[in-house]
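Below is one structure; the comments refer to it alone.
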Amino acid sequence: MLRSTSGLLLLAIAASHLLLAAAGAGCGPSGTLRPTQSHACQDCCKAGQAYPTYRCSPPVSSSTRAVMTLNDFDEGGDGGDPSECDGAFHRSSERVVALSTGWYSGGSRCGKNIRIRANGRSVLAKVVDECDTVNGCDREHAFQPPCRNNVVDASQAVWDALGITGEEVGEYNITWSDA
Ligand SMILES: *[C@@H]1O[C@H](CO)[C@@H](O)[C@H](O)[C@H]1NC(C)=O
């Protein structure tokens with residue numbers, strides 16, 4: 001009786017540690033990308049630099065903290081290939097976002113809205129793409145480094161709706177949730 005109780009207790013402690021580990025800040029880099037070629041474009045990969053890669057993102061809550069960046073999802077834009085979800089390009093007047101690989105979650109949020117809160121405002125934006133945290137520095141990713149694991153890469157229309165000037169600040173702390 002005593003033995004089984006302490007066994008259960010141990011199990012409970014082990015389970016709570018697992019939960020803590022899953023919910024904690026414990027989403028560290030999974031590797032490093034070291035490109036052999038430099039590319040001259042803005043923010044592009046440089047030979048000899050080490051870029052961390054991630055296979056996870058922080059846990060999603062009703063108020064998930066993230067860094068919003070500006071992306072051009074249109075053909076010839078800095079987004080690279082067509083959007084991962086629908087194989088299409090998107091105009092900057094559409095409210096669309098790409099999420100870091102962990103949050104993209106194998107496409108499970110494709111076509112769904114997330115709610116972004118920033119600057120005292122709130123806007124719905126559709127998930128159309130992945131901000132790849134595992135791969136980068138190649139043509140498919142417009143020679144951009146792998147994404148950080150906490151990025152909501154948003155179109156101009158999203159920035160506009162939030163009343164933030166993307167070109168000036170480059171990135172902006174936001175919170176988001178599933179809508
Ligand atoms: C954005 O958030 C990060 C991490 O929480 C923090 O270190 C940084 O100071 C914040 N930046 C601004 C401009 O508030």
Side-chain angles (χ1 to χ4, degrees), residues 16-35 41-46 49-73 77-80 83-84 90 92-106 108-109 112-137 141-179:
S16 70
H17 275 245
L18 275 177
L19 279 176
L20 277 178
C27 174
S30 61
T32 309
L33 213 58
R34 295 177 193 277
C41 41
Q42 199 189 355
D43 302 326
C44 280
C45 293
K46 307 262 182 301
Q49 285 260 22
Y51 300 96
T53 59
Y54 296 85
R55 294 194 178 276
C56 55
S57 294
V60 174
S61 68
S62 58
S63 181
T64 318
R65 283 151 61 109
V67 175
M68 184 170 73
T69 52
L70 178 63
N71 189 33
D72 181 357
F73 292 85
D78 59 8
S83 295
E84 197 74 26
H90 296 273
S92 56
S93 55
E94 288 181 63
R95 292 179 187 178
V96 293
V97 295
L99 298 178
S100 295
T101 297
W103 290 341
Y104 180 72
S105 178
S108 70
R109 291 194 166 86
K112 295 185 177 157
N113 279 331
I114 62 167
R115 181 169 294 284
I116 299 172
R117 291 187 180 82
N119 198 28
R121 298 195 196 177
S122 157
V123 62
L124 291 175
K126 189 169 77 169
V127 178
V128 295
D129 208 351
E130 174 179 15
C131 199
D132 199 330
T133 64
V134 180
N135 310 287
C137 300
H141 299 89
F143 305 110
Q144 300 284 314
C147 215
R148 284 162 288 170
N149 66 353
N150 61 342
V151 167
V152 172
D153 198 19
S155 65
Q156 184 67 55
V158 173
W159 285 77
D160 289 347
L162 291 167
I164 309 164
T165 311
E167 295 89 344
E168 275 172 27
V169 296
E171 46 183 66
Y172 200 93
N173 286 351
I174 59 148
T175 62
W176 70 274
S177 60
D178 289 306

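For ligands, and for the atoms within them, numbers begin at 1 and follow the listed sequence.
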- Taking only residues two or more places apart in sequence or in another chain, which ones pass side-chain hydrogen bond (donor to acceptor under 3.5 Å, both in side chains) with Q49? none
- Any chance you could lay out the salt bridge (charged side-chain N to carboxylate O under 4.0 Å, His left out) test for D178 and R109, step after step, and finish with the verdict? CA-CA 9 Å; D178 289 306; R109 291 194 166 86; 2.6 Å; yes
- Please write down residue, atom name and distance for the protein heavy atom closest to atom 3 (C) of ligand 1. N173 ND2, 3.6 Å
- Starting from the C-alpha separation in whole Å, work towards a yes-or-no answer on side-chain contact (heavy atoms from CB on, under 4.5 Å) for H90 and S155. CA-CA 9 Å; H90 296 273; S155 65; over 6 Å; no
- Message: If the cut-off is 4.0 Å to any non-hydrogen atom of R65, which atoms of ligand 1 fall inside it?
- Response: 5 (O)
- Query: Would you say atom 13 (C) of ligand 1 touches the protein, meaning some protein heavy atom is under 4.0 Å from it?
  - Reply: no
- Query: Does atom 9 (O) of ligand 1 have any protein heavy atom closer than 4.0 Å?
  - Reply: no
- Note on the structure: d(D153 CG, R148 CZ) to nearest 0.5 Å is 9.5 Å
